[in-house]
Protein chains: 2
Amino acid sequence: MLEKSHKHITCKNCLSRKDSLLCSMTGEDLEKVDSSKSCSYFKKGQPLFIEGGLPRGVFCINEGKVKVYSRGEEGKEQIIHVATSGEIVGFRAMFSGEPYSVAANTLEESNICFISKDDFLDLVDTNPNLRNGILRELSKELADRASFIKNMAQKSVRERLAAALLILDDIYGEDFINLSREDLANFVGTATETLIRLLKDFKDDGFVTTHVRKIEVLDKEGLIRLAGV
Amino acid sequence: MLEKSHKHITCKNCLSRKDSLLCSMTGEDLEKVDSSKSCSYFKKGQPLFIEGGLPRGVFCINEGKVKVYSRGEEGKEQIIHVATSGEIVGFRAMFSGEPYSVAANTLEESNICFISKDDFLDLVDTNPNLRNGILRELSKELADRASFIKNMAQKSVRERLAAALLILDDIYGEDFINLSREDLANFVGTATETLIRLLKDFKDDGFVTTHVRKIEVLDKEGLIRLAGV
DNA sequence: TAAGAAGTATGATTTAGGTCATTTTTTTGC
DNA sequence: GCAAAAAAATGACCTAAATCATACTTCTTA
């Protein structure tokens, strides 16, 4: 259980610092970030921002998980990305100058820092390292999404589920994957019922086991073979 | 028919200049681009770069069309983007420092300029306008791809075809859409046979007409309604 | 701690769209 | 201008996965 305080989290002490684009800065830049940001505790399911909203700044996840998604016609969510500790969320709309094209909600209770648009853009402008980091990050994500598109177009739901479980296993690290069946289905891009059935198959085949809602990956190799990555 | 010469195309005279991130620069920066780039004529179907290759620079389309795609398991292409005059192709891998995650081929004969990695990165580093333009461009593309993913997951092939035709109609401007049925299928993310059948339906319904392989959009409004955009 | 609400699971049914086979049309190269 | 190859079109068939209906479990919170 996270502390429900709103106390400031010093970047220097941030556990996710080494993995973070933002907090991996040094010297006075780091101090600048530190002094201009605010930190908040988010309950599970709270929105960071909504589709169509206007961006006021970026969010840096100190601890927790955030789903980035977009809603289709009948309200069905497509989860584009699951962000974890150290990641910056919401910086795309910052540069495009357009409203958010996606929404973001916490998937569990989280501590999340916020840096205002001006401060962030100022940092990007004056700090070549951060800038290059962001360019690199954007490019990588673009590559990720190209392969996401390809998978959606060419792979079966079964293959996509295997791939998704591998990605999520990475994101959740030592913890079990902790997503509702519906969220998982919305990440894989399928109906919840189909997801549940396939997950059962995977259990029968020994690829995973479940602890109520949580999913434990037992056979990575098997999933890799199945996903055809 | 384009001139098959390799003569230098001066950025100042580039017809696509107004639409181009790169050539919309001014003064000495423009001259710098101009002097450091080389221009080539590409036949239809020629590769600019291949998946897994190492990037040496970026391509700027003076005239022509380029498909950006990625190949799946059985070699089936998924077309991610169709680039046209004025667009820069291949700058993502430039920043990520990784091999190309996608490939690019001309879809028709094209005049394409090339700027080396060093020159390009130098420009990005020293020219804040270009830099911001690139950040904006990357962000927009990221948003595009999120909606691409959502469409693949939630829309029917019929709806996706309608959406694809609208996008392509924009890209081809005054010209008719000129893609092989296979390429179109690989853009929509479906089997070629399915695409041909649906295209016939669209013809019967008066949304489009075909001139041999070329496709003319007759009823944009109708397609918009169908695509549910 | 009981009741209601969410979330998970399973069964039955339908269908969009993939696959394979074949024919027809268009393009390409000699 | 003709033969061969490539692309487009059509038909027959099949299955992965969606949808709808219902039941069962696990969380909430009153």
Side-chain angles (χ1 to χ4, degrees), chain A residues 1 43-45 67 72-78 105 107-109 150-162 164 176-204 208-215 226 228, chain B residues 1 43-46 67 72-78 105 107-109 150-162 164 176-204 208-216 226 228:
Chain A
M1 185 71 99
K43 284 188 292 194
K44 178 175 167 175
K67 67 175 170 183
E73 302 289 277
E74 290 91 26
K76 189 173 166 67
E77 294 178 5
Q78 176 60 42
N105 285 63
L107 284 167
E108 54 190 53
E109 47 173 12
K150 188 179 63 184
N151 287 346
M152 293 303 287
Q154 301 190 358
K155 300 209 177 215
S156 66
V157 174
R158 194 180 175 75
E159 291 169 314
R160 266 146 51 201
L161 174 57
F176 297 147
I177 296 168
N178 188 9
L179 275 180
S180 72
R181 300 291 182 262
E182 192 180 356
D183 277 336
L184 186 51
N186 290 342
F187 185 44
V188 173
T190 188
T192 309
E193 296 94 320
T194 302
L195 178 114
I196 288 168
R197 277 181 251 266
L198 283 174
L199 203 59
K200 197 192 164 200
D201 288 354
F202 279 23
K203 275 198 279 186
D204 292 346
V208 300
T209 185
T210 56
H211 309 277
V212 193
R213 87 184 309 224
K214 294 182 184 180
I215 301 167
L226 218 161
Chain B
M1 186 71 99
K43 284 189 293 194
K44 177 176 169 174
Q46 275 194 295
K67 67 174 170 184
E73 302 291 276
E74 290 90 24
K76 189 174 166 67
E77 295 177 4
Q78 176 60 43
N105 285 63
L107 284 166
E108 54 191 52
E109 47 172 13
K150 187 178 63 183
N151 286 346
M152 293 303 288
Q154 301 190 357
K155 298 208 179 216
S156 66
V157 175
R158 194 179 176 74
E159 291 169 314
R160 266 146 52 201
L161 174 57
F176 297 146
I177 296 167
N178 189 8
L179 276 180
S180 72
R181 299 292 183 264
E182 192 180 356
D183 278 336
L184 186 51
N186 290 342
F187 185 45
V188 172
T190 188
T192 308
E193 297 94 321
T194 302
L195 178 113
I196 287 168
R197 278 181 251 266
L198 283 174
L199 203 59
K200 197 190 164 200
D201 289 354
F202 279 23
K203 275 199 279 186
D204 292 346
V208 300
T209 185
T210 56
H211 309 278
V212 193
R213 91 186 304 228
K214 296 183 183 177
I215 301 167
E216 179 182 5
L226 218 161

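Just so it is clear: chains get the letters A, B, ... in the order the sequence lines come, proteins before strands, and each one is counted from 1.
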### Start and end of chain A contact along DNA chain C [non-hydrogen atoms, under 4.0 Å]
C:dT8 to C:dA12

### Task
Under the side-chain contact (heavy atoms from CB on, under 4.5 Å) rule, what do A:R160 and A:V157 come out as? Steps first, then yes or no, please.
CA-CA 5 Å; A:R160 266 146 51 201; A:V157 174; 4.0 Å; yes

### Query
Could you run down nucleotides 11-24 of chain D 5' to 3' and tag each one B, S or - for protein heavy-atom contact under 4.0 Å?
BB----SSBB----

### Query
For every nucleotide of nucleotides 25-30 of chain D, 5' to 3': is a protein heavy atom under 4.0 Å from its base (B), only from its sugar-phosphate (S), or from neither (-)?
-SS---

#### Entry: Nearest non-hydrogen partners of A:N178 and A:R213, listed with the distance
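Here A:N178 and A:R213 meet closest at OD1-NH1, 2.9 Å.
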
## Note on the structure
Those residues at least two apart in sequence (or on a different chain) that pass side chain to side chain donor-acceptor pair (under 3.5 Å) with B:K67 are B:E77, B:D183

#### Entry: End-to-end axis angle, where each axis spans five pairs of the helix from C:dT1-D:dA30 to C:dC30-D:dG1, to 10°
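Computed from the C1' atoms at both ends, the axes differ by 60°.
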
### Message
Can you confirm whether B:V208 sits close enough to B:I177 that some side-chain heavy atom of one is under 4.5 Å from a side-chain heavy atom of the other?
### Response
no

### Query
Any side-chain heavy atom of A:R181 sitting closer than 4.5 Å to one from A:I215?
yes

### Task
Would you kindly give the CG-to-C1' distance between B:D204 and D:dT10, to the nearest whole Å?
13 Å

### Task
To the nearest Å, give me how far apart CZ (B:R181) and C1' (D:dT10) are.
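After rounding, the gap between these two atoms is 14 Å.
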
Nearest 0.5 Å, please: how far is [atom2] in [Y] from [atom1] in [X]?
X      : Y      : atom1 : atom2 : value
A:L179 : A:K214 : CG    : NZ    : 11.5 Å
B:K44  : B:L107 : NZ    : CG    : 8.5 Å
A:Q154 : A:E159 : CD    : CD    : 10.0 Å
B:K203 : B:T210 : NZ    : OG1   : 3.0 Å
B:L226 : B:F202 : CG    : CZ    : 5.0 Å

### Message
B:K155 vs A:E73, test: side-chain contact (heavy atoms from CB on, under 4.5 Å). Steps then yes/no.
### Response
CA-CA 9 Å; B:K155 298 208 179 216; A:E73 302 289 277; 4.0 Å; yes

Compile the donor-acceptor pairs under 3.5 Å between side chains in residues 187-198 of chain B and protein atoms, sequence neighbours left out, one pair per line.
none

